[in-house]
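The structure appears right after this line, and notes come after that.
Each chain gets a letter, A, B and so on, in the order its sequence line appears, and its residues count up from 1.
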Amino acid sequence: MSLRWRQLKESDFVYYFFRDPVAYVSFAILLVLVISAFGAPLFAPHDPYDQTTIDIMDSELPPAWKDEGTAKFLLGTDDMGRDMFSTMLYGMRISIIIGLGAVALQAFIGIIIGLLSGYIKRFDTILMRIADVQLSFSTYMIAIFIGATCQMMFGVANYEKIAAPLLILIIGLAEWPQYARTVRASVLAERKKEYVEAARVIGLSKIRIMWRHILPNTLSPVLVISTVQVANAIMSEAALSFLGLGMPQSKPSLGSLITAGFEYIFSGTWWITIFPGILLVLLILVINLLGDWVRDYLNPKLYKG
Amino acid sequence: MKKGIESMKTDVLVSIRNLVKYFDISGGWLEQLRFTGGRISRQEVIVKAVNDISFDILKGETVAVVGESGCGKSTLARTVMSLYPPNSGEIYYQDKRIDQLSEKQLKYYRTRMQMIFQDPYASLNPRMTVEDILSEPIHFHHPSMTREQVKEKIIKVMKQVGIDPDWQDRFPHEFSGGQRQRISIARALTLDPDFIVADEPIAALDVSIQAQILNLLMDLQQENDLTYLFISHDLSVVEHISNKVAVMYLGSLCEFGETEHLFSNPNHPYTQALLSAIPKLGQRFSHTRLPGDVPTPINLPPGCVFHTRCPYAREICFRQVPQLIKEDGKTAVACHGAAEGWLK
Amino acid sequence: MFAFTVRRIAQGLIVMVVISFIGFAIKHNFGDPVRELVGERVTPVERAQIRQQLGLNDPFLMQYGRFLNDALHGDLGRSYFFKKPVTEVIMSKAPATLELVFCASLIVIFLSIPLGIYSAIHPKNIWSRIIMSGSILGVSMPVFLTAILLIYIFSVELGWLPSFGRGETVKLFGFWNSGMLTKDGLLHLIMPSIALSSIMLPLFIRLIRSEMMEVLESEYVKYAWAKGIKAKRVWYVHAFKNTLLPVITVGGVQLGIMVAFTILTETVFQWQGMGSMFIQSVERADTALMVSYIVVVGFIFVVVNTIVDIIYGLVNPTVRVTGRK
Amino acid sequence: MSTLLSISRLNVDFALRKSTLRAINDVSLTIEEGERLGVVGESGAGKSVLGFSIIQLISKPGFIASGEIQFQGKNLASCTYEEMRSIRGNQISMIFQDPMMTLNPVLTIGSQMRETLQAHRQISTAEADRICIEKLKKVYIPSSEKRLKQFPHEFSGGMRQRIVIAISLLTDPSLIIADEPTTALDVTIQAEILDLMLELCESDNMGLMLITHDLAVVSQVTQRIAVMYAGTIVELGSTALITRDPQHPYTVGLLGALPQRAARSKRLNQIPGVMPGLAKIPPGCPFSNRCSLVEAICRSTRPALETKQSGIQVACHMVK
């Protein structure tokens with residue numbers, strides 16, 4: 001244990017990480033954001049889901065430093081009278097959960113399909129054609145289509161009830177080709193290498209070679225795209241919510257908060273949109289910055305399928 | 001079969017008979033479309049990597065396969081190792097036919113035949129420690145062996161190839177190219193094989209390291225009673241290490257025979273050109289120029305594959321594929337000129 | 001090259017068939033053509049009759065074949081909401097979207113290439129750092145948020161630019177409503193085009209930069225330096241020509257994707273194009289219109305991709321001569 | 001004969017994140033006009049860096065720390081960018097290792113040849129084409145006129161290397177630096193290319209710096225050899241003398257390791273260990289940790305390159 005710890009401490013990864021201010025500052029901000037999102041019930045001064053504590057008379061109050069603001073609501077309130085700060089924390093939690101869930105699903109589908117089509121020629125053509133079509137269609141588009149279809153299937157009311165798992169499913173189904181292509185390309189590159197032939201000469205089975213030899217060597221590019229994909233999934237969720245295909249106003253994500261505020265922006269009530277907007281951009285930005293850093297550090301050739 | 005090849009003897013370890021290996025690289029049917037002469041046609045693109053090759057490898061000897069890049073020598077090695085199924089022809093290991101066996105039936109032969117690869121950087125899995133790399137074959141083929149026995153075996157092979165057994169937990173990237181090649185050799189030795197295919201084992205190494213690895217291979221052959229199929233493009237290395245040489249050109253065997261005899265008395269015009277091109281220390285060149293370039297293995301020339309570049313080619317060479325014929329009892333040559341006596 | 005082109009077009013056709021099949025499957029399962037045709041106030045008996053007449057009880061594949069045949073003749077069904085043939089509705093909305101995409105593409109192409117090249121040639125320069133920081137911020141900004149911010153700053157706070165609609169338009173060739181010929185129309189185009197290009201532009205800059213930096217490391221660029229060639233020629237001829245190849249492939253696809261982003265932009269700016277029409281058709285459960293949008297957008301993507309592939313083939317001598325990618 | 005290139009006390013450093021490493025350590029050598037010099041060493045010995053430092057194209061993060069490179073009355077180490085550009089590809093041409101990678105895949109052979117001429121001379125396109133065709137003929141490329149319109153992928157590896165050689169001849173340079181020009185080629189092609197280079201150097205009285213790991217190749221083409229080890233020259237002298245009777249223990253070992261020199265099927269003479277990386281070069285003689293003749297002085301004092309009894313310059317305390 002202590003040996004592992006020391007190895008980690010002495011590794012290049014840690015060394016370069018602490019040498020790069022962009023990397024550790026981004027990481028620190030991300031850490032704060034994630035902790036405050038998941039600790040929302042502890043940190044938030046108000047509970048936006050508890051109808052009894054919300055007073056419609058408090059609606060559209062500006063931030064505390066404005067003349068009409070009150071200290072009770074630091075960043076003001078939204079159109080329903082919910083405390084912006086608390087609602088944003090809860091909203092960020094939903095955004096992050098959906099983002100991570102969707103990426104887990106994409107990665108699961110994508111890695112399996114990528115491995116299969118990279119190693120078994122028969123699957124390859126058809127699976128990659130599907131992935132190509134889906135990618136050339138843009139993942140947003142697919143997500144919007146699936147979302148629209150789901151909404152028609154379930155009806156608006158039912159859709160809103162199961163919005164969170166449904167969004168994970170929609171974004172996951174829309175974006176798996178990214179993973180599949182990355183994994184496939186790196187499987188194709190790895191399986192040409194002689195260590196795979198060496199494993200075959202030993203007589204190991206295909207499944208074992210795939211699992212023990214090829215998969216571990218495709219993980220660097222997977223890790224690199226994972227960070228970017230989390231950012232993309234959060235963005236997709238926000239876009240879907242903005243179009244009314246995402247989280248309902250009663251349980252808003254950052255995206256649906258921005259949507260709700262958009263109607264009021266012309267009347268000068270900017271804070272309902274701008275604050276969640278800044279938080280959303282900050283969240284995505286730090287993830288992207290970390291993703292860039294990880295990519296530069298690992299520097300895998302992100303194989304262009 | 002053919003007169004040129006010795007009939008099977010008991011001391012034949014591996015025998016290759018009329019081996020043919022083609023690769024279809026035409027892709028899907030849309031990729032096969034061609035537009036020629038005003039009409040659309042479908043065309044398969046087939047690389048004829050190995051064409052009808054036969055020779056025997058006797059127990060304890062080193063047979064080298066030489067040829068320029070793209071001549072099919074590596075494909076031959078991999079087909080012999082059952083990494084590729086041959087399109088036709090047979091491979092025998094101690095008189096047992098092994099080219100049509102399933103992976104399960106092959107399991108025993110996998111312990112008898114092992115392989116060493118060219119690129120010391122690609123041939124070791126970068127995510128496995130030396131111990132993992134060396135123990136994997138043992139665990140797979142001898143699951144009943146205890147942890148201690150496996151450990152003992154690993155230490156033994158590591159010592160044999162000259163790697164400090166204390167370095168078992170290290171990863172491949174912590175070793176130099178020469179050391180990695182030693183580990184790669186150690187992996188081949190863990191199963192105590194009789195027969196090792198070495199595919200350009202020293203091509204990627206520096207001169208002083210090449211000598212170390214060649215010496216190691218020769219030592220191991222003595223200690224472990226090994227038989228080698230040694231693939232190389234470096235003729236001076238081949239001359240040094242092998243008992244017999246097979247010269248390949250464009251997927252075909254040009255000449256096969258005892259090293260000393262073949263080097264001092266090459267019969268095939270291609271062998272002659274190849275030998276004359278070896279840079280020799282302190283001598284000016286006197287090489288035979290070959291006109292033109294090597295044709296692609298996709299469109300093999302008819303007749304003798306070498307006729308497009310052969311300075312002696314005659315009419316028969318354009319039509320008829322020459323057979324491998326043993327002329328003087330020592331080397332077998334596939335050349336009409338040599339067979340009919342008009343070459344020289 | 002000919003065979004290559006044939007291949008690309010054939011692949012495009014296959015994709016179109018798949019898209020139309022998916023589109024039809026959605027329509028078949030969720031749409032109600034009877035309602036689209038005659039509305040809700042019809043007795044069940046009449047309803048069943050109409051169903052029979054329309055062939056809605058036929059096997060799925062037969063109906064699909066009919067759908068395909070109709071689509072090939074330009075008939076994609078009737079919109080329930082607009083009470084008009086879908087083709088007509090889409091034709092009236094398409095110019096708005098296409099003009100928007102066109103302007104945004106111009107912004108992307110004319111800004112990304114110089115900025116990308118500059119930051120690749122001088123990676124450590126302060127301007128390159130600013131470009132790169134700006135582009136990562138741009139990549140992290142959702143399109144609709146950029147649009148909202150633009151409206152807030154330039155319409156609400158400063159009052160310089162109009163915040164919604166297309167403004168004054170001129171009818172061209174009898175069907176094309178163009179906003180690009182009047183001052184008002186152009187003013188209305190500014191913010192939506194910027195918003196639409198806001199995510200593509202940084203992506204393109206990053207793409208061009210990384211591809212170009214890779215090319216600058218290549219052996220042949222080093223050889224060009226060793227030949228004593230002037231820096232400008234090395235950068236703009238040797239390096240940039242090779243950068244173009246991957247950028248064309250990825251870039252073409254991305255320009256197609258821009259059509260998808262019009263949905264978001266058009267919604268924010270209440271731009272009367274195909275994107276906002278699509279979202280409205282989803283809200284109104286106007287299945288025929290929605291499915292037609294999918295098919296039309298799919299068609300645009302396929303056409304763009306095919307053209308891009310063919311251009312790639314023309315630019316790349318390896319493909320041009322051998323016909324293999 | 002007068003001196004064409006004279007390198008004196010050249011040091012090249014690589015600036016890494018944590019430290020600076022010396023890749024070329026105190027190297028001095030000369031090339032006379034029309035002379036062919038071979039630079040031999042294993043990978044990492046610094047021979048390529050030496051070649052690139054002459055034309056000031058060391059890959060980042062390498063830079064010339066000190067020393068002079070005198071070429072036709074100019075010190076290349078202190079030339080301005082523009083001065084250097086007008087020398088590269090003009091008076092000094094370079095031939096790279098892998099002909100598959102050195103030619104730009106999207107430009108025709110003609111435009112890649114023409115641009116070289118036009119970068120250094122004020123000439124018309126027609127005149128440039130005439131010179132290009134003339135040089136292509138010189139390297140035995142048939143139907144040269146047609147070739148100018150073709151792209152690199154339409155040529156085989158050997159043909160491409162001929163084209164690269166033709167490009168290097170365009171401006172009639174007085175020095176060609178060839179960095180492993182035949183390593184990526186097959187033996188038969190290698191022999192042809194070397195033969196061609198030798199012929200051209202002799203007919204045009206060009207200087208050649210042939211950088212390679214292959215002693216046999218060097219011995220066939222060059223008049224003098226510089227043997228490099230870990231960033232320094234350990235032995236420098238006439239090719240005939242060194243191949244016949246090498247002095248430095250490293251050269252002795254290297255020649256002994258060649259299968260050509262050994263009896264068939266007998267063990268080769270091997271040098272134990274590996275060449276140290278730049279960060280791990282021992283103090284004193286860089287070869288001391290692998291040398292069989294090593295004594296105390298070798299571990300403490302760096303030997304200088306001196307002319308010994310044999311007439312060869314050797315950097316070794318033990319050689320008289």
For this session: Walk me through it: do B:Tyr84 and B:Phe23 pass the test ring pair (Phe, Tyr, Trp, His ring centres under 6.0 Å)?
Result: CA-CA 10 Å; B:Tyr84 301 143; B:Phe23 294 100; 5.1 Å; yes
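Among B:Leu124, B:Ile116, B:Asp199, the residue making the largest number of heavy-atom pairs under 4.5 Å with chain A is B:Leu124. Taking B:Pro126, B:Ala122, B:Ala188 one by one and counting their heavy-atom pairs under 4.5 Å with chain A, the maximum is reached by B:Ala122. With respect to chain A, the highest number of heavy-atom pairs below 4.5 Å among B:Lys104, B:His141, B:Glu136 belongs to B:Glu136.
In this structure, B:Ile91 and B:Arg97 have side chains that are not in contact, with every pair of non-hydrogen atoms separated by 4.5 Å or more.
Closest heavy-atom contact between B:Asp132 and A:Arg212: CB-NH2, 4.4 Å.
In this structure, chain A has heavy atoms under 4.5 Å from both the backbone and the side chain of B:Met115. With a threshold of 4.5 angstrom between heavy atoms, B:Met113 approaches chain A through N, CA, C or O but not through any side-chain atom. Proximity to chain B (any heavy atom under 4.5 Å) is shown, for A:Leu204, by both the backbone and the side chain. B:Glu103 touches chain A through its side chain: at least one heavy atom from C-beta onward sits under 4.5 Å away, while N, CA, C and O do not. Heavy-atom distances place the side chain of A:Arg208, and not its backbone, under 4.5 Å from chain B.
Contact check on B:Asp192 versus B:Lys153 returns a salt bridge, with a Lys/Arg side-chain nitrogen under 4.0 Å from an Asp/Glu carboxylate oxygen.
In this structure, B:Asp225 contributes its side chain and B:Gln221 its backbone to no donor-acceptor pair below 3.5 Å.
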